[in-house]
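Working notes, structure below.
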Amino acid sequence: MDIKETLQPKTMMIALGIIVIILSIYGMMNGEEWAEIGWGGAENVLAHDAAYEEMWALHLMPLGVMALLTAVTVTGKELAKMAMYSPIVLVILLGGMGVLTSDNGYGGTPEGIGMVLPLIMVIVTISTGIAGYMHKDDE
């Protein structure tokens with residue numbers, strides 16, 4: 001079995017959508033924890049910081065829903081192109097947020113499941129783009 005058979009655009013878009021939705025739900029449920037990680041400890045977290053974390057998590061959820069809906073409604077070359085280009089949205093959003101937040105003193109390294117889920121999302125995001133690229137000329 002070669003990599004092109006393994007990385008199917010539909011499967012990868014579904015996986016990406018599910019992971020983004022799971023991360024969104026996790027972020028909405030653990031806003032206080034994310035705020036403490038981001039601002040360097042509970043002593044630096046104000047009451048509204050957890051709410052901001054929860055709102056950012058909620059704002060990511062539509063991207064996961066869009067990936068799922070795209071996977072089940074779009075087919076062929078168009079699905080491959082969407083799979084190839086969709087990761088760019090996440091890279092711009094998350095990369096931009098990374099730059100902007102680090103410029104303002106926000107940043108930290110989560111531990112445990114808080115680190116595993118984003119790492120899985122990065123791997124699936126890259127794999128989705130690769131799957132789309134490999135299938136962009138298929139019928």
Side-chain angles (χ1 to χ4, degrees):
M1 180 178 280
D2 70 350
I3 190 119
K4 188 173 180 180
E5 291 176 22
T6 304
L7 294 178
Q8 294 293 320
K10 182 174 187 164
T11 304
M12 296 311 301
M13 289 288 281
I14 290 171
L16 184 59
I18 289 170
I19 290 169
V20 170
I21 290 170
I22 289 170
L23 271 172
S24 295
I25 292 169
Y26 182 82
M28 288 185 292
M29 292 171 46
N30 296 293
E32 185 75 27
E33 175 188 336
W34 282 100
E36 289 176 13
I37 292 168
W39 293 111
E43 65 280 356
N44 295 328
V45 175
L46 300 175
H48 61 272
D49 291 332
Y52 290 147
E53 295 293 334
E54 293 164 6
M55 287 183 267
W56 272 113
L58 176 63
H59 285 101
L60 288 176
M61 191 175 292
L63 295 175
V65 172
M66 188 167 38
L68 282 174
L69 293 175
T70 299
V72 298
T73 60
V74 179
T75 60
K77 286 183 180 183
E78 289 76 21
L79 178 59
K81 290 176 186 175
M82 288 298 296
M84 184 169 62
Y85 297 131
S86 293
I88 295 169
V89 173
L90 283 173
V91 169
I92 291 170
L93 179 65
L94 298 176
M97 286 297 295
V99 169
L100 293 174
T101 55
S102 67
D103 285 351
N104 290 292
Y106 180 95
T109 304
E111 298 174 3
I113 190 82
M115 184 58 184
V116 172
L117 288 175
L119 183 60
I120 290 171
M121 186 176 81
V122 167
I123 292 167
V124 173
T125 299
I126 292 167
S127 299
T128 301
I130 292 169
Y133 180 78
M134 290 189 308
H135 292 275
K136 70 181 180 354
D137 296 323
D138 292 356
E139 287 303 320

Atom [atom1] of [X] and atom [atom2] of [Y]: how far apart are they, to the nearest 0.5 Å?
{"X": "I22", "Y": "M61", "atom1": "CD1", "atom2": "CE", "value": "10.5 Å"}
{"X": "H135", "Y": "K77", "atom1": "NE2", "atom2": "NZ", "value": "13.5 Å"}
{"X": "K10", "Y": "M82", "atom1": "NZ", "atom2": "CE", "value": "14.5 Å"}
{"X": "M12", "Y": "L79", "atom1": "CE", "atom2": "CG", "value": "12.0 Å"}
{"X": "H59", "Y": "E54", "atom1": "NE2", "atom2": "CD", "value": "12.5 Å"}
{"X": "T128", "Y": "L7", "atom1": "OG1", "atom2": "CG", "value": "8.5 Å"}

Distance-only check: which donor-acceptor pairs under 3.5 Å involve side-chain atoms of residues 36-46, not counting sequence neighbours?
unit_1	atom_1	unit_2	atom_2	d
N44	ND2	W39	O	2.8

Side-chain hydrophobic cluster, 4.5 Å single linkage: members besides I88: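 Its cluster partners, ordered by chain and number, are M84, Y85, I92, Y133.
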Residues clustered with M55, ILVMFWY side-chain links under 4.5 angstrom: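 Y52, listed by chain and number.
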Flag yes if [X] and [Y] sit in one hydrophobic cluster, no otherwise; membership is Ile, Leu, Val, Met, Phe, Trp, Tyr, and two members link when side-chain heavy atoms are under 4.5 Å apart.
{"X": "L23", "Y": "L94", "result": "yes"}
{"X": "V116", "Y": "I123", "result": "no"}
{"X": "I120", "Y": "Y26", "result": "yes"}
{"X": "V89", "Y": "V20", "result": "yes"}
{"X": "V91", "Y": "V122", "result": "no"}

Set of side chain to side chain contact (heavy atoms under 4.5 Å, CB included) partners for L58, sequence neighbours left out: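 L58 satisfies side chain to side chain contact (heavy atoms under 4.5 Å, CB included) with M28 only.
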Partners passing side chain to side chain contact (heavy atoms under 4.5 Å, CB included) against T125 (at least two apart in sequence or in another chain):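 With neighbours one apart ignored, the set is L16, P87, L90, M121.
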Minimum-distance pair of heavy atoms, taken over all atoms of G132 and A83: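 The pair with the smallest heavy-atom distance is CA-CB, 3.9 Å.
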Partners meeting salt bridge (Lys or Arg N to Asp or Glu O under 4.0 Å) with K4 (sequence neighbours left out):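 K4: salt bridge (Lys or Arg N to Asp or Glu O under 4.0 Å) contacts with D138.
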Using residues 65-73 as the side-chain source, report each donor-acceptor pair under 3.5 Å to any protein atom, sequence neighbours left out, with the distance given to one decimal.
unit_1	atom_1	unit_2	atom_2	d
T70	OG1	M66	O	2.7
T73	OG1	L69	O	2.6

Under the side-chain hydrogen bond (donor to acceptor under 3.5 Å, both in side chains) test, residues paired with K81 that sit two or more places apart: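 For K81, no residue satisfies side-chain hydrogen bond (donor to acceptor under 3.5 Å, both in side chains) once neighbours in sequence are set aside.
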Side chain to side chain contact (heavy atoms under 4.5 Å, CB included) evaluation trace for L93 with L60: CA-CA 9 Å; L93 179 65; L60 288 176; 3.1 Å; yes
